[in-house]
Amino acid sequence: MKLSKTYEPKAYEPNIYQLWETSGAFKPSGDGEPYSIIMPPPNANASLHTGHAMFVVQDILIRYHRMKGDRTIYIPGADHAGFETWVVYEKHLEKQGKSRFDFNREELYQQTWDFVAQNRGLMEVQLKEMGLSCDWSKLVFTLDDSVVDIAYDTFKKMWDDGLIYRGERIVNYCTKHDTSFADIEVVYKDEKSHLWTIIFPLADGSDVIEIATTRPETMVGDVAVAVNPKDERYKHLVGKEISLPLTDRYIPIIADEMVDMEFGTGAVKITPAHDPNDFEVVERHPDLPRLNVIGFDGKMNENAPEKYRGLDVLEARQSILDDLEELKLLTEVKDHQHSVGHCYKCGTVIQPLLKDQWFIKVESLAKQAIEKIEEGEIKFIPENKGRVLVNYLKNLRDWNISRQIPWGIPIPAFQNIDDESDWIFDERVKKQVIEVDGKKYQRDQDTFDTWFSSAQWPYIVTKYHDSKELEEFFPNNVMETGGDIIFQWVSRMIMMSLYREQTIPFKDVYLHGLILAEDGQKMSKSKGNVLNPQGIIEEYGSDALRLGLMASRSAGQNQAFGKDKVIAGRNFCNKLWNIARYIENQVSVSSSDSFPATNNQAPSPITAADHWIIRELNATTNNVATMLEEYRFAEAYEAVYHTIWDKVADWYIEASKGQQNSSMMLWVLETCLKIAHPFAPFVTETIWQTLDWHPKNQGLLISSTWPRHADYDSDQANSFEQLQLIITETREVLGIIGSKNIALLTNSSQLILENDEIIRRMGRVGYIQTADEESGLRLTSTHEHAWLDLDEEQIKLYADTLKKKLEVVANEASALEHRLANEGYIKNAPVALVAESREILKLKLNQAEHLKHQLKHL
RNA sequence: GGGCGAUUAGCUCAUUUGGCUAGAGCGCCACAUUGACGUUGUGGAGGUGGGAGGUUCGAAUCCUCCAUCGCCCACCA
């Protein structure tokens, strides 16, 4: 087949993907060990971002294991992305002049479903563009019935085990989105505000107590003032009553350890309904009420004094401050910086509000997870992330799983209409009201936190999916995801799987860092520095994107994504392409007697270069395998890159122009394609498909086997290294003196005489001759005896370099001598290392001799 | 307040049990060449590995302290 001069990804990539898919290459096959990776499901109705491009890591592992002969499966998913999608849909409603309050929950769910269906599919196309070799027939959507069934099953089990409770607790509430959030979803930002000091007079008028607050508006919800029991300043006041300003209520002064005597005035107002700490104080003082003064709309409610009702929080703050000022109860206003929780989506200040929600008791779950991680049952890459996770789990608080949005899995719980405290589990969530034992129950309006079902993803998509057909793939081998969701997702998957399946969900966790923009900043739409994978693929091709992402990147480390590496990747693809083009032109393929690697045939080396390249490819094949198994992707890629470029292209192919062994060239090409395939699947498969010596429509590279070790002769391989030294040194000398048509002379070297053609071509010497007497410039880097036929003038041009070389070599030699003179070194260092040092020293001394000798004649 | 990470060539970053002359990509300099590839070839310059101590025969790597930058968690009346 005639190939174009440069590789044009766009001309081949779509066809190649289709070829893989229709051939069934993505399905598990053979009877090897099961190997599975499940894809973290991308948002079903959004485009991929650069973070998703790191899924390439998963694909590299999958392709490598498939070639290695494992029964391999890579399962894709699509996420309904509860809150994310809801936000998008609500905006969509807003544009149409509607809101969530115009519809009931079923209607909203259906509408959102349709909306998602319309936009769905984009991300699938994009995942395919990246070449991800996943089994699309096994795709699971996070709202599929099978997912909901298992989520309900788990919820029921937890309910029965007493791990689920409903409680009125402080929740993080976004008044714009009308939903609560888990602690981890709240974003804290430092804000400049004030610390106000307010006088609270005692009811009997005998004294006053000053309190400090950053949220004066909540004072109308105060139920007590607390002081530290050890605080001498206030001891005499504990138990007395305060007449709460601006209200007609009387509240007690209580003692509680939580109060920091150093902060503010040492006296704290207690607002249990709007502050998590105060809530805890009230739990220790059960007589105190929980007075709710802020509504879910973010406005002061009917429990607030009439004057402030209906004002939003900030308006109420100002109004209350004005009133206090007027009453001369405001004694001090200080600048104060403190962190304030915000909705991670819209930035609205999160209100801590009291709400009945479903919670999961996490203590026992976290404990199990900690044990397994500490025992090393799950391996983290990078390692330290395991410790980070344990640290997090040790301080975990109960998990609020209720969300007040329609787009999600309805919580299967019903409340007795006549008895608020009577809740039952029931899966008939499509009904508003059900009847059980003659009692009427009303459905909870809330849906699950998306992470409640996502946390169960590993066993949902393997163990229980498709009538347990994929059971052998659980636990999964690797969970590969972004380090930024280790708490939200990874921790919960581990907890849920240990709880429900009594086993870890996956053996290894590989976490990639954030892909930062080229300027090192986080990518964000508002900064306008977002690079999306589609754009890169469009410009440079999919393989270039993959290679660019893998190069020089280490696990867990955030790193800027630069185009430089993508360009280097594209150039590498082109190099591969041209290697193939050259070999295919050279080799006569009329006879199909030799397609060595395809049939796992051993290559048939003849020349020194043949033996040498077998040795190099053997080594690289092994190294790459080892490094992939250790998740060292950047190093594995680098090994492939340099072996193919520096060794195959620059030495083996160049040498083949002097001495060609056709069948070896085929073997070399096939081996290169195989080791490069996990990294650059498109270009390698494209080339594979053009190999004329393969029977048509038979055998895809993706399904071929990882290269095997091939035999070679060590002496021959070493000989080729000597040739390389001769050629390199010759090039260097001739480069400096700028002369051509110089002769290389030798008196005895068979190697040189036998490789006349190669040395002449590659070393650019005019001719090679035997000579009895040495003259000109002796080559020093090889132990073959050879010299360049230069005259005095020419050698003088080289003298400076010669001197520098001598200096370097002499320094190295003396460093080695010094080291070898050190008794400690001889005694403690490994024997092989010492022997090696001696060997190198010998070499250096020898070289120095030659150099000195040469210089003497100048 | 607690935890984590980073600091290596002009730039972006690699380097796994501590051991050859610390590497790569891009950039830079010089040269070559258009019969595989200019998305090329050949040769080269460029680093006292943030700082200070320590352990060791030997430290970018292990320990201690310091500095700068970044992230996460918790608290913040």
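Each chain gets a letter, A, B and so on, in the order its sequence line appears, and its residues count up from 1.
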Given rG23(B), rG19(B), rU40(B), which nucleotide is nearest the side-chain atoms of E638(A)?
rG23(B)
So, does N578(A) get its side chain near the phosphate of rA36(B), meaning an N or O under 4.0 Å from OP1 or OP2?
no
Is E257(A) paired with R284(A) through a side-chain N to carboxylate O contact shorter than 4.0 Å?
no
Let's test this: given Watson-Crick or G-U wobble pairing with both distances under 3.5 Å, identify the partner of rC69(B).
rG5(B)
Taking only side-chain nitrogens and oxygens of R570(A), does any of them come within less than 4.0 Å of OP1 or OP2 of rC37(B)?
no
Within the structure, does a side-chain N or O atom of Q557(A) lie under 4.0 Å from either OP1 or OP2 of rG70(B)?
no
Can K805(A) and Y798(A) be said to form a side-chain hydrogen bond (donor to acceptor under 3.5 Å, both in side chains), step by step?
CA-CA 11 Å; K805(A) 269 192 172 177; Y798(A) 190 61; 3.2 Å; yes
Output the single nucleotide from rA36(B), rG25(B), rU39(B) whose closest atom is nearest the side chain of R581(A).
rA36(B)
Taking only side-chain nitrogens and oxygens of W645(A), does any of them come within less than 4.0 Å of OP1 or OP2 of rA24(B)?
no
Which residue, D564(A) or E635(A), contacts RNA chain B at a nucleotide closer to its 5' end, judged by nearest heavy atom?
E635(A)
Name the closest nucleotide to the N574(A) side chain, picking from rC37(B), rC57(B), rA14(B).
rC37(B)
Side chain of A568(A) (C-beta onward), nearest among rU39(B), rA14(B), rG25(B)
rG25(B)
Of the listed nucleotides (rA14(B), rC57(B), rU39(B)), which one gets closest to any side-chain atom of Q559(A)?
rA14(B)
Between rA36(B) and K657(A), counting only base atoms on the nucleotide and side-chain atoms on the residue, is there a donor-acceptor pair under 3.5 Å?
yes
rG27(B) to rU12(B) separation - P atoms, rounded to the nearest Å
15 Å
Map E732(A) and F572(A) onto RNA chain B by nearest heavy atom, then report which one ends up closer to the 5' terminus.
F572(A)
Give V259(A) one of three labels, base, sugar-phosphate or nothing, depending on what nucleic acid heavy atoms sit under 4.0 Å from its own.
base
Between rA9(B) and rG50(B), how many Å separate the two P atoms, rounded to a whole number?
8 Å
Re rC62(B): Watson-Crick or G-U wobble partner, both distances kept under 3.5 Å, found to be rG54(B)
Roughly how far apart, to the nearest Å, are rG19(B) and rG25(B) at atom C1'?
27 Å
Does K827(A) have a side-chain nitrogen or oxygen under 4.0 Å from the phosphate oxygens OP1 or OP2 of rC57(B)?
no
Just name whichever nucleotide pairs with rG25(B), Watson-Crick or G-U, keeping both distances under 3.5 Å, else none.
rC11(B)
Only pairs with both distances under 3.5 Å count, Watson-Crick or wobble alike; so what is the partner of rG46(B) in this structure?
none
Presence of salt bridge, E807(A) and K804(A), under 4.0 angstrom:
no
How about Y510(A) and F633(A): are their ring centres within less than 6.0 Å of each other?
yes
With a cut-off of less than 4.0 Å, is there a side-chain N or O of R731(A) near OP1 or OP2 of rG43(B)?
yes
Students often get this wrong, so: under 4.0 angstrom with heavy atoms, is R397(A) touching a base, only sugar-phosphate, or nothing?
sugar-phosphate
Do any side-chain nitrogens or oxygens of K394(A) fall under 4.0 Å of OP1 or OP2 in rA74(B)?
no
Between S554(A) and rA14(B), is there a side-chain N or O to OP1/OP2 distance below 4.0 Å?
yes
If the P atom of rC20(B) is compared with that of rC66(B), how far apart are they to the nearest Å?
31 Å
OP1 or OP2 of rU21(B) versus the side-chain N and O atoms of R819(A): is any pair under 4.0 Å?
yes
If you measure from the Lys or Arg side-chain nitrogens to the Asp or Glu carboxylate oxygens, is any gap between E836(A) and R819(A) under 4.0 Å?
no
salt_bridge(R215(A), E217(A)) N-O dist < 4.0 Å
yes
